[in-house]
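Shown next, in structure tokens, is the structure this report addresses.
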Amino acid sequence: MPSIHFATFDTAIGPCGIAWGERGVVGVQLPGKDKAATRARLRRRHPGAAESEPPLSVRQAIDEIVALLRGERRDLCAIRLDMEHVQPFERRVYELARAIPPGQITTYGELAKRLGDPSAAQAVGAAMGRNPFPIVVPCHRVVGAGTRLGGFSAPGGVKTKRRMLAIEGSPAAGTPDLFEMN
């Protein structure tokens with residue numbers, strides 16, 4: 001089993017993290033309340049991972065993520081992801097999601113149609129909920145029918161999703177959501 005390494009880094013939305021191995025990035029962690037919380041989540045997701053100085057390719061990925069979360073238009077498709085442990089259906093969903101440009105959105109149903117199975121919207125939503133590469137695989141750009149934001153499994157939930165969409169200039173950031181009403 002290849003060794004896994006990780007690092008934390010500061011962004012406009014808080015301290016994020018990234019984990020990598022020999023074949024590329026194996027995980028991205030959205031921010032916890034502080035670096036210690038982000039580090040702890042990375043260690044839970046990648047037991048035995050060593051905190052390390054990132055190699056050049058990972059450093060470049062971090063720089064791109066930081067720039068995107070600062071509001072710069074960045075295409076993160078060049079970041080090499082290690083999807084060896086990702087199921088084939090999820091891999092297809094993530095590949096489609098990576099093609100959604102910053103500031104744009106699509107729906108779970110639309111991704112299901114693009115996969116050739118319009119009835120798979122819930123399966124697409126479940127895949128997004130298990131996304132090990134948030135930001136790089138921009139699950140925050142996938143919303144429910146009628147641009148309802150839907151859930152978001154990251155720390156901060158829908159508020160984090162809304163904030164990321166606002167940074168990217170998406171009009172969906174102002175859309176009311178059923179999960180936030182009451």
Side-chain angles (χ1 to χ4, degrees), residues 2 4-32 35 38-39 41-46 49 51-52 54-106 108 111 114-115 124-143 150-157 160-170 172-173:
I4 303 297
H5 302 272
F6 75 91
T8 59
F9 55 96
D10 293 317
T11 74
I13 64 170
C16 291
I18 192 166
W20 68 91
E22 294 172 3
R23 290 183 296 273
V25 172
V26 297
V28 176
Q29 180 61 55
L30 288 169
K35 275 196 177 186
T38 300
R39 188 177 288 113
R41 287 178 64 95
L42 278 164
R43 285 191 167 126
R44 278 193 304 274
R45 285 180 53 202
H46 305 284
E51 190 163 11
S52 305
L56 180 60
S57 63
V58 175
R59 182 76 245 158
Q60 290 170 333
I62 290 169
D63 291 346
E64 291 295 303
I65 292 167
V66 168
L68 179 75
L69 293 175
R70 183 170 57 225
E72 296 178 25
R73 294 272 188 225
R74 297 295 175 107
D75 177 354
L76 306 182
C77 289
I79 296 173
R80 189 171 57 133
L81 300 178
D82 178 355
M83 291 202 202
E84 180 181 354
H85 299 291
V86 175
Q87 297 297 316
F89 174 80
E90 292 173 350
R91 186 175 299 167
R92 290 181 18 234
V93 170
Y94 299 159
E95 288 167 357
L96 288 173
R98 286 187 88 180
I100 306 165
Q104 303 294 312
I105 59 169
T106 194
Y108 301 108
L111 285 183
R114 290 183 199 162
L115 288 167
V124 167
M128 289 294 146
R130 289 187 295 274
N131 177 11
F133 316 103
I135 305 170
V136 178
V137 172
C139 49
H140 63 284
R141 296 180 192 149
V142 184
V143 299
F152 198 53
S153 60
T160 299
K161 185 173 190 169
R162 184 181 305 285
R163 186 166 181 208
M164 292 170 70
L165 289 170
I167 287 169
E168 293 182 0
S170 173

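Note that this is a predicted model, so its numbers are computed, not measured.
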To check you understand the geometry: which heavy-atom pair defines the closest contact between Cys139 and Pro134, and what is its length? SG-CB, 4.2 Å

Reported CZ-to-OG1 distance for the pair Arg114 and Thr106, which is rounded to 0.5 angstrom: 4.0 Å

Given side chains that start at C-beta, do those of His5 and Val58 come closer than 4.5 Å, heavy atoms only? no

Evaluate the side-chain proximity of Glu168 to Ile105: yes if any heavy-atom separation is below 4.5 Å, no if none is. no

Could you grab the distance from atom CG of Leu30 to atom CE of Met164, nearest 0.5 Å is fine? 5.0 Å

Only one of Ile100, Leu96, Asn131, Val28 forms a side chain to side chain contact (heavy atoms under 4.5 Å, CB included) with Val137, so which one is it? Asn131

With side chains defined as the heavy atoms from C-beta onward, is the minimum distance between Ile65 and Arg74 less than 4.5 Å? no

Under the side-chain contact (heavy atoms from CB on, under 4.5 Å) criterion, do Val86 and Phe133 qualify, and how do the steps go? CA-CA 11 Å; Val86 175; Phe133 316 103; 4.1 Å; yes

Taking the side chain from Arg98 and the backbone from Leu76, do they hold a donor-acceptor pair closer than 3.5 Å? yes

For atom CD of Gln87, decide whether the heavy atoms of other residues, nucleotides or ligands shown that lie under 6.0 angstrom number more than 12. no

Could you grab the distance from atom CD of Glu95 to atom CG of Leu115, nearest 0.5 Å is fine? 10.0 Å

Glu90 versus Ala127, closest heavy-atom pair with distance: CG-CB, 3.7 Å

Report yes if some heavy atom in the side chain of Met83 is under 4.5 Å from a heavy atom in the side chain of Tyr94; otherwise report no. yes

What's the separation between atom CZ in Arg162 and atom NE2 in His140, rounded to the nearest 0.5 Å? 13.5 Å

I want to check something: taking the side chain as every heavy atom from C-beta on, are Ile13 and Pro31 in contact at a cut-off of under 4.5 Å? yes

How many angstroms lie between CD in Glu72 and CG in Asp63, if you round to the nearest 0.5 Å? 10.5 Å

Determine whether Pro55 and Trp20 make a side-chain contact, defined as any pair of heavy atoms from C-beta on separated by less than 4.5 Å. yes

Please evaluate residues Gln29 and Thr8 with respect to the criterion side-chain contact (heavy atoms from CB on, under 4.5 Å), reporting the C-alpha separation (whole Å), side-chain torsions for both, the decisive distance (0.1 Å), and the verdict. CA-CA 9 Å; Gln29 180 61 55; Thr8 59; over 6 Å; no

From His46 atom NE2 to Phe6 atom CZ, the distance as rounded to the nearest 0.5 Å: 9.5 Å

For Thr38 and Gly17, work out which heavy atoms get closest and say how close. CG2-N, 3.7 Å

Check whether any side-chain heavy atom of Ile62 sits under 4.5 Å from a side-chain heavy atom of Pro54, and report yes or no. yes

Donor-acceptor under 3.5 Å (Arg73 side chain, Pro102 main chain): yes

Taking side chain as C-beta onward, heavy atoms only, is Val26 less than 4.5 Å from Arg45? no

Test Leu68 against every option in Ile135, Val136, Ile167 by the side chain to side chain contact (heavy atoms under 4.5 Å, CB included) rule and name the one that passes. Ile135

